[in-house]
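Inspection log for the structure reproduced underneath, given as C-alpha cells.
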Amino acid sequence: MTHSPPPQDSFVKLAMRNMVRKGRTSLLHMALTTTGLVAVLLLLASLDRPNL
C-alpha cells in the first residue's frame, strides 16, 4: 500500500489562519479595503447620476 501525502490546507483556511495570527493589522487592511471599495462605488454612482 502506498501512503498518500496529507491533503494540503485550502487557501481559505490558510488565509483565515494568517488573519488570526496577524490580528490588528489584518483587520486594518480589511477596513481600508472596504472603505476604498465603498468610496469607488459611490463615486461611480454619482458620476452616472443624471443632471436634474
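Just so it is clear, the values below take in all heavy atoms, side chains as well, and ignore hydrogens, waters and symmetry mates. We count residues from 1, following the sequence as given.
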Identified side chain to side chain contact (heavy atoms under 4.5 Å, CB included) partner of L32 from the options T34, T35, L28: L28
Member of L44, L43, L42, V38 meeting the side chain to side chain contact (heavy atoms under 4.5 Å, CB included) criterion with V40: L44
4.5 Å side-chain heavy-atom contact, L37 and T33: no
Spacing of K13 atom NZ and N18 atom CG [to the nearest 0.5 Å]: 14.5 Å
Residue pair R24 / L27, side-chain heavy-atom distance below 4.5 Å: no
